[in-house]
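Note on naming: letters A, B, ... go to the chains in the order of the sequence lines (proteins, then strands), and numbering restarts at 1 for each one. Since we're looking at a predicted model, the values are computed, not measured.
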Amino acid sequence: MIERNPRCNLCRLSQYTDTVCEVGFGRKNADIMVISRMPNSSTYQDMIEAELSQAGIDLTRCYFTSVVKCRSFEKDPGKKDIKTCTENYLDLEIERMKPKFILGFGNEALAAITKNSGIMKYRGRVSEARGATVLCTVSPASVVRNPGQKGAWQADLQLFASTVSGHAGGLEIPKMAIIDDKVKLAKLRTLMAKATLLSYDIETAGQDEWDPTAGIVSLAGTMIYPDADGNDKLIVWVIPLDHPQSPFRKVWRDVLRYIAKAFEGIKVQIAHNGKYDAKWLRVSKVQARVTFDTMLAAHLLDENRLKGLKPLGRMLLGVAPWGIDTKDLRSQPLRPILKYNCLDPYYTYHIYLKLRQDLIDQPRLMRVFKLMVIPANEKLIEIEQRGAWIDPEKLASAINVSFQMRDELDRELMTYVPDPDDPTQDVKVLTWPTQGKKAKWAEVNFNASNWMRWWMFEWLEFPIIERGKVKDDDSPGDPSLAEATMVELQTRFPDHPVLKLLVERSKWQKYCSTYVTRYQEVADDQNRIHTVFKLAGTVTGRLSSGKEDEEKISATRDRGRGVNLQQVPRDPFIRGLFGAPPGWSFIEADFGQIEFRLAVFISRDKNGLRLIREGVDVHLEMAAKMTGKPISLVTKDERKAAKPVNFGYLYGMWWKKFIETAKMKYGVLFTDEQAKASRVAFFDMYPGFVHWHNRQRRIVHEYGRVQSPLGRIRHLPDIFSADKMVVQEAERQAINSPVQSMASDMNLLGMILLDDEFKRLGLRAHTLGLVHDAINFECHNDDLVQVLPLIKSTMEHLPLKKKFGCEIDIPIAADIKVGSHWGYAKELTDEQVFNFQHYYHEFVDESRVS
DNA sequence: AGTCAGCGCGCG
DNA sequence: AAAGCGCGCGCTGACT
């Protein structure tokens, strides 16, 4: 094959290895090439060989080689090393051997073979490159470090084996019925009316369902219906809709309306990420529902697994990835679109059969699925479609103010910037950095740019306090320009005006870029802002908020409409933009100190139970304990400083981090001794937490997973890692997860029940969104008197015992705020909530009429 | 022009 | 020896 060169010194790695330049080994005319990132240790080589044989690969057909040829434990290969080494060795090996199949391990192998980067994205995909069929997956080192990856890793290798053997897929693909004329459509509708189950999927074109140029390209289903003898029959069908080659291209909306009623009548409606499909279909007047979502079920059963339809198809059904490039479907030929559109719901149906059985085998999870996940999904469809109202006048003025503030700060800062064309004033100006290949002067840029680093640390000569990650080539990381650095510099140079200006500027810059302008870009013609809430976006069961994955792809332009409504700055300048339209009020209902309460509930700490039952402010209590003062003398700042103590130490924070948090978030300084003492004080106050932490550690070490009191499971396979740091991380997650999980499930359940009640009682109130432990509503002013007490009592008395067999023996508090706008909503006392008619005028601005 | 990692910061 | 947890996303700069 190729010669090794023991004197090779083309890259740095040769200096860090015992054996310079180990080339590949194995069969010389092999048709399978296995490429690792560097020459494998015998452990990893054994691991790979064992798995490959297990998957059915004949090892004598293989040639094993690597991207870089020097193995080093001290030094990770950098980009340059990889490039140099590949060009000189691996490229030759591939060229000479001409393998039919290539298996790559790790991101380095992926990059060397396919020029792509991002192994977590590209893993497990079969593609063509270098004249071979290629599959890449994570490296064995990564699997050992994070044992949670093992299952998916084995599935990748099995897929590779089945690709090699040519026996792809365990499912027979049935004939598809293409519904392309009126007669077939009428027949389909008749079958639909009888059907008991439908798995459906749509292909779409256009930015989102409200885009005037948007359309549903095709609708496909896999359907179960009884035949004349009452036996279940399966049919796979697809209707071409808004596509140039479709017979229905001009009447596709009518076609959907024609089948709507039959569709809506089907009892079991299955989809993968069905919220997306349902939203599109509802815009076209088909009230599609999701009674079983395979993505949500897969995620609930194992939150760590890949939950896309294709990976699930590969892992659960053993089918090879299918599909087409979904960009601009209307410019592609129709036929393959229909074919692939059919496969999605067909495979979804088979995944459904498996996952449903898995849930039946785990009744507690099934309960969470049926009582929490599926109803929440239904509510979220409506919440996302309704959107949150933003005040158009306030928004317009906020945009003006934000830009004015930022530009004014820029102008002030510019007085400290030298003129680059006037080197006479100071020779240092000659070091003004360049940018780009043509040695162009860098523009002034007060964001975290290279120019900014020069200006701060060379021109203004501030000391470098903190640096970022060390680079690949061992050069030191970039000097930090984070706010924490600025604050630290401020303590050293309190009189320097630049620091204050910069901290202020970064706030306004963020408002301009991330908030106000974005809000205006995405607001619809009713001044509503829409988000996408994901029920499978977090490992704990919390929702995440933002946009569809597809919308994230284009980086700058066409950024998609989805906005994260869980990170709206608390500053009333921003939060005050959101509200309720005239005639309506905005309500925020949040669970007070919920995570702390639940930690006490779960740990059974006696003192914690007592404090909570007595309604004591735990932060105030901690402040008193830390300062040694009686509660009445504790200042506001001291109480503020106690907050990070409670929340940090609760989840395993160490005192060093406490000092940082206290300084950064609350501007309170602590010495090492005070910090250590605060940690002691915390566990002294809540001794039960120590035992609870230990119990969680014991459970996770034994079972590799923990469960929340409502039944949600967090799998923590990393607990079996050989890396101590990884293990400890998993231990802290085992402590945090059940608490965070239960809190967010309570919030979710509260939302579901309230939304049901509003509908049942005909109250004009809607959920606008969820923020982890809070629910935001809008409510017609005339219905506030009924709605406010309903919200409070529902949230404080959730039927957890009835629904999840979990009896809570501590008080739960829902704090209610009302106002015309979120940022200005005022908190109500219990008396005000339950007798709102007497306080109406205090909280409702009647000059705002609809 | 698009992609990606790293940083930094918004929220609970 | 070293240690909160959970998210999304805009910007920069390097690269293709």
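Between the side chains of A/Thr485 and A/Glu488, not a single donor N or O lies within less than 3.5 Å of an accepting N or O.
Using a 4.0 Å heavy-atom cutoff across all strands shown, A/Ser545 reaches sugar-phosphate atoms only and no base atom. In this structure, A/Ser737 reaches neither bases nor backbone, as no heavy-atom distance under 4.0 Å exists between it and the strands shown. A/Arg467 comes within 4.0 angstrom of no nucleic acid atom, judged by non-hydrogen atoms across all strands. Residue contacts for A/Val568: at a heavy-atom cut-off of 4.0 Å it reaches the sugar-phosphate backbone alone, with no base atom in range.
Distances from the side chain of A/Gln740 to the nucleotides C/dC11, B/dG12, C/dA1 place B/dG12 closest. The side chain of A/Met725 sits closest to C/dA2 out of C/dA2, B/dC11, B/dG10. Checking B/dG12, B/dG10, C/dA2 against every side-chain atom of A/Arg570, the shortest atom distance belongs to B/dG12.
Evaluation of atom-type donor-acceptor distances gives a pair under 3.5 Å for the side chain of A/Arg542 against the base of C/dG6.
Taking atom CH2 of A/Trp822 as the reference point, atom P of B/dG10 lies 15 Å away to the nearest angstrom. Taking atom CD on A/Gln696 and atom P on C/dC5, their separation rounds to 15 Å, with Å as the unit. Per the geometry, NE2 belonging to A/His693 stands 12 Å off C1' belonging to C/dA3, to the nearest Å.
For the pair A/Lys724 and A/Asn736, both in contact range of DNA chain C, the more 5′-proximal nearest nucleotide belongs to A/Lys724.
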